[in-house]
Each structure stands twice: as structure tokens, then as C-alpha cells.
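Notes follow once the structure below has been shown.
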2 protein chains.
Amino acid sequence: MSHRPLDPRKELILKVVTDDYIESAEPVGSRTIARKYNLGLSPATIRNEMADLEESGYLKQPHVSAGRIPSQQGYRYYVDVLMQQQTLNEEEQGLIRLYFEDRSRQLDTILQQTVKILAQLTRYPSLMLGPTLQPSIFKHVQLVPLSATDILVLIVTDMGIVEKKVIAIDCPISQANLDRVSYILNKKLRGRPFASLKSSVLNELKEEIKTEDSSFQQAITLLLSTLDTRERERVYLDGIINILEHPEFKELEKFKLLMELLEEEERLHRLLASRRPGLRISIGEENPEEAVHECSIITANYEIGGRVVGTIGVLGPTRMDYAHVVSVVEFIAQSLSEFLSKS
Amino acid sequence: MSHRPLDPRKELILKVVTDDYIESAEPVGSRTIARKYNLGLSPATIRNEMADLEESGYLKQPHVSAGRIPSQQGYRYYVDVLMQQQTLNEEEQGLIRLYFEDRSRQLDTILQQTVKILAQLTRYPSLMLGPTLQPSIFKHVQLVPLSATDILVLIVTDMGIVEKKVIAIDCPISQANLDRVSYILNKKLRGRPFASLKSSVLNELKEEIKTEDSSFQQAITLLLSTLDTRERERVYLDGIINILEHPEFKELEKFKLLMELLEEEERLHRLLASRRPGLRISIGEENPEEAVHECSIITANYEIGGRVVGTIGVLGPTRMDYAHVVSVVEFIAQSLSEFLSKS
DNA sequence: ATTAGCACTCGCCTTTCGGGAGTGCTAACA
DNA sequence: TGTTAGCACTCCCGAAAGGCGAGTGCTAAT
């Protein structure tokens, strides 16, 4: 990600072209630049520089007699070097603060609404990967018999996340035994981080119950086997319509391709889960997923008590308002982390 | 919904026009009809009949020199009188049966996948209103302390639906007291249908705890107050992209209007919740929601053990393949009901 | 009552064409 | 040597024009 630096004037022009194109969605020509951003340069000079920038791969032309637009490499340089850090204005900050001030305490709802507010502020589709169990602390397990053959297993984490799972058993287990299983599991597991469950603790447990009767053993073994097979985290999504505001998606086909992705939670999950931690900007074909080869994705992580638990971000055309989106995503990730950590 | 009957030949023509338009999405003219469906009538005769049908409001013309298309009233007559009952072909039935054969036992997943399969078979966006609590049976309540001030309340129904709610309390309640509250509530409520909870039982409970100490009373009162304030049922949705296959949504504006609706769970909930029970077909402006004034909606209910608990259906342009969709929706609602009831 | 014939309408597709924005090149200039 | 004015050229885009075709309503004949 290191760039050989461009000479300052070229940088300036690349920046101006990118800024203007991001705002106007129209290829930008030398004349426009000279007039609009009086840089003390004539259109001809600018043309020369642009020709150079095109040759070295930072700009491109949709067709020969049009202005220039940034190439993927151009955006990359812009994002890494040229883009001006931006801070949210009062209004935006206020909105977010207000939102996190007090809210329904349902984790689910909070997450859904957070994505919604992100979409609102950025005007791009926004997504979030729900919190992983891994860094959470085991709080409670409860077994509820639903019928003769089905038992509902509830697992509660310190964050109030509830995992549920129905398991089928061959022969009925008495209520008393169920209670004892619950009791033992709780005693053993409460307060432990989930990450530590797989290995040692579970083996210990298995040892301990060697002396118990077989129906009891069956119950607990079954349970243990479900503890670590967890469904994938939920993906939250909002603001899809925003994408339609942008001319790059006027052709239905382009939009359809994206929509197909957005409707498949599994693909979204894969996309988000593959992101490296920290604030990430991936542009166009840098993305692994083909459907977003003409899009950029900006994500950040959110944490609970200092432990990274999830990812939140925004999806838009490569011609995206990077500076603004970065500031919003960062601020929201930050706010969400604080909110989740203080409870 | 009663119609003054049309004379048989007019009916025939209305039916043919509607069938053809549903299939082709093009206004259908007299020539086409005469040629394609040899009814033993000349184009001229058909023209006369169509003119009559237009005058009485069953057909309309997009513009003067185009063929005819059904009006809303025309569709209504078609649906109520002319449409031929259809049964699913083997392949479709097989697919559905296979799907309900065995599946992850997670209720959530089942419902989500059911909508998905409905969308796949109909090629329209499909939606479902998640099961109501009302007709379910109370199975278990569990209180889990998350922190000094927050308690997680879990309520489990006989269907394995888990309602969760975090409630904040002013002063800590001892674990022992929490357990006692759980115990009392479970003893009192287990086996009761939710519908009966609001009134008498809760009052009884309040009476019973008059003698307890105040922290205990506080806990239980708080709890009772949350029991009947339930969040709205979840809305499941799949297959939005399907809508783009249809020419009536080529103009982005039309699509956007719909998309806005589909992204707002609350509006969807309202839309689905307002449906009267049974198999319902509502056409165009018969729908209360403005965004679907050029759409039709077909819904049916699904049940658990004979109790209606939810709604499942399909949304499409008024030019919708009613006969096919009706058969699919009915069959899936039926299958889902059986599936949910047998466990 | 039905139908053949005919004149007429009108959306839609294709083609044409001019304007405008932008370019690269060349030559002059500081 | 870098900058700039001038100019010829390219090519997209939108408007206008025109022809085709599908369909209609009406009239007159069967």
C-alpha cells in the first residue's frame, strides 16, 4: 500500500479531479478545473498533467472526448494520501449521540437501528456483522423440555445475547435430570469466556460425569456437542434504496447484481467476515466478491469492553464520498462500542 | 365481491385477454386473440366485444391504438370467477415436500427458508408475518441477572419461540429472590395459553404476592408489566429482486417506491397484519398501502395445532400469475402448518 | 348478428444531425 | 524548458424526423 509519491502539482490535480467527480458524477475536464478551482494554471497545462496522470494509471477517460475520472489506482492514491480527514458536523454528531443516549435495551434492535442511522447519515447501504460469541462470557444455560423428544437449549452471554437451539433426543429425560444437567453446567461454565469452552473445560466435564447414569450422560454429551456448533452471526442491513440515487446504478443490470448479493445473507457474511480488523477501505476489484467490483466498501470494528466483536460498514460506488463516510463509520463504530461497553 | 355475471362470450374474451396479458405483459389486440386462441370469432367481432368490456369497466387501453389490458375491476372478475384452479406440478410439490422433510429445527431458520422457497417458486417477492404469541402456550420463564441493574427475562413457548427482554431495576435483587420469582411464575403460568395471561392470572398473582417483601414485589411487578408488552412479530422477506423481472418496474421510480416499503419492517408489518384471515387476494388500489396501488398481494394463513398464528404471501404487479401463485401460497401455507404442528 | 375492408391513430424504433464539451498537437512565448 | 493560446478533430448526447406496425372504430355487405 505504499505509493511512489507524485509531484505536488500532479497530486493537486488528481485530488481536484477526484473531489469533483465524487461530487458531480461527471467526468471532469481541464476547462472545468481551471475555471472552478482557480489554481493559476491554464487548461492546457492541466491537460498535459492529466495526460501524464492517465499514462501512469491514475486517471482514465470513459471515451476519448470526455473528461477524466479516477481509475482504481487513482482512488487508492486519493484515499491513502490526498483525502482530507473530516470531522462530523455538530448536527450529525448530535444525531448519533442522541440515538445512543437512551434506547430500547434489546441488543437486536440496537444493532438494527445502528445500521439504519449509518445508512441515513452516509446515504449509502450499510451493513453490520452481528457480535461474535467468542469473546463473550458464559452466563447461563437453561434446558426447557418442549415435548417428549425435543429440548430447547438456551445459552445466555454477559451481553444478553441469547443463543437457542432445539435438540432432539431419543429417549425422554426426566425433569429432575434436566435440572441437574443445567445445574452442573452452570456451575462449571458460568463466568468463563466462550473462547475457552471448546477445549479443556469440556473435557473436564466429560471426565466428571463418568460416574453418572447413562441417560444423564447422554443428555450432557449431546449438549456439549451443540455448544460449539454455532450458527453464523447475523448480518444487519439497511438503506439499500440509497444505492439507486447514484447514476452508476441506473442500468438495472448493475443494480440487480448487487441486489442479488444483498439478499444472500451468507455471501454478505462471507464478505464482512473476510475483512481485516481496523478501519478498512477496499476499492473496486480489491474486493474479493465479484458483485462489488465496481463498488467500494468501508468498514470498522466495534468492541465490547475492549474486545473486537463485530464489523460495521458501508457499501457504495467507487465514486464514493470517502472522507465523509470514513468519519461517519469511525464515529458510529466508536459510539456503538462505548454504548455496548458501558452496560 | 358479488358480480353481475357477464354473458359467456364476454367472459371468454375477458379471460383470454387477461391470461394473455399476464403471460406477455403486452396489451392484447383482437387480431392476436383471433389468431392465437381460435375461438371461431373474427377480429371484428372480438373488437366489438372488447369495446363493450371497456365501456363496462373490465378492460382498458393504455393508449388509443394499442390493445386492451384488464382494469382492476377486470382482474377482480378474473380472480373471482374466471380463473382456473391450478394444482402444483410434481416437481414443485416435490421441492416443497423435500424441504419440509427434514430441516434445521430452528424456528427462525425454518420461517426464513419457507419465504425463500415461496419466492423461488412464484418468482415474486414473498413475505411472512412471524407467529404471534397469542395462541401459544406458556412453557417457561427464566430470569438471568446480567449486571447489578439489568435482568434478562426469557420466556419460552411450547413452540420453542423465545422472547427475550432486558429490564432495568433500581436496586439489586438477590439471586435467591430471582429464583423464587422464576419458580412462582413458572408454577403459576406453565401450560397456560398466552391469550389468558393478561387478565385474571396476573391479578391472581399480584394478590398472592401481597405478603412478600418489597424488593420481591418490585421484581415481580416489573416482570408482569413486561409480559404483555410484546414487540411486534418479525417480518420475513425474500426474493425482492424478482420484481425487477417485470417490465412494470423498469422505471426506477416505481421500483423505488416499493423498495422503500420493503425496507421498512413496520410498514410491512402493518400491511400483513391488516389482512383478513383465509386466502386473500387484493388487487391494486384495494390495498390500503399506497406504495402497492399497482400491485396485488396474495396471502394465506398458517397454523399451529389448528390455531392461526401467522400470514404468508406474495407481492407482485397486478399483472400477476394469480392462478399459479394461489396454488403455491396455499400449498406452502398448508405444508408449513403441518410441519409446525407435528413437532 | 357477424365479418371483411378501410382509413386513421399513435407509440416506438431508427436514423439523422447539430451542438457542445473535451482532447491532443503545434507553435509561440517567458 | 515549462506554459499557454489556438485550432482541428473526436465523439457523446439529445432533439427532430420519419416510417413501420399493430390496433382501432366505422361502414357496408352477408
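What you see is a predicted model, and the numbers here were worked out from it, not measured in a lab. Any value given below was found using the heavy atoms of this structure, including those in side chains, with hydrogens, waters and symmetry copies removed.
Computed from coordinates, the N38(A) CG to dT4(D) P distance equals 13 Å when rounded to whole Å. The interatomic distance linking I33(A) (CD1) with dT3(D) (P) rounds to 15 Å, in whole Å. Rounded to an integer number of Å, the gap from CG of D7(A) to C1' of dG2(D) is 12 Å. Distance, D20(B) CG to dG23(D) C1': 14 Å, rounded to whole Å. With rounding to whole Å, R35(B) atom CZ is found 17 Å from dT3(C) atom C1'. When the C1' atom of dA4(C) is taken as reference, atom CG of N48(B) falls 13 Å away, rounded to whole Å. Protein atom CD of E49(B) is 16 Å distant from nucleotide atom C1' of dT24(D), rounded to whole Å. Spacing between atom CZ of R31(A) and atom C1' of dC7(D) amounts to 14 Å, rounded to whole angstrom units.
If you find the closest nucleotide of DNA chain C to P27(A) and to A44(A), the one lying nearer the 5' end belongs to P27(A).
A salt bridge links K256(A) with E245(B); the closest basic N to acidic carboxylate O contact falls under 4.0 Å.
Non-hydrogen atoms lying under 4.0 Å from DNA chain C are contributed by H63(B), V64(B), S65(B), all within residues 53-74 of chain B.
Within the structure, a side-chain polar atom (N or O) of S30(B) is placed less than 4.0 Å from OP1 or OP2 of dT24(D). Contact check, T45(B) against dT2(C): no side-chain N or O comes under 4.0 Å of OP1 or OP2. Residue T32(B) places at least one side-chain N or O closer than 4.0 Å to OP1 or OP2 of dG23(D).
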Verify side-chain hydrogen bond (donor to acceptor under 3.5 Å, both in side chains) between H3(B) and R76(B), making sure each step is shown before the conclusion. CA-CA 9 Å; H3(B) 298 274; R76(B) 178 44 71 196; 5.7 Å; no
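For R47(B), whose side chain is taken as the heavy atoms from C-beta onward, the closest listed nucleotide among dG5(C), dG24(C), dT3(C) is dG5(C). The side chain of M50(A) lies closest to dT23(C), out of dT4(D), dT23(C), dG23(D). Each of dT3(C), dG25(D), dT4(D) was ranked by its minimum atom distance to the side chain of A51(B); first place goes to dG25(D).
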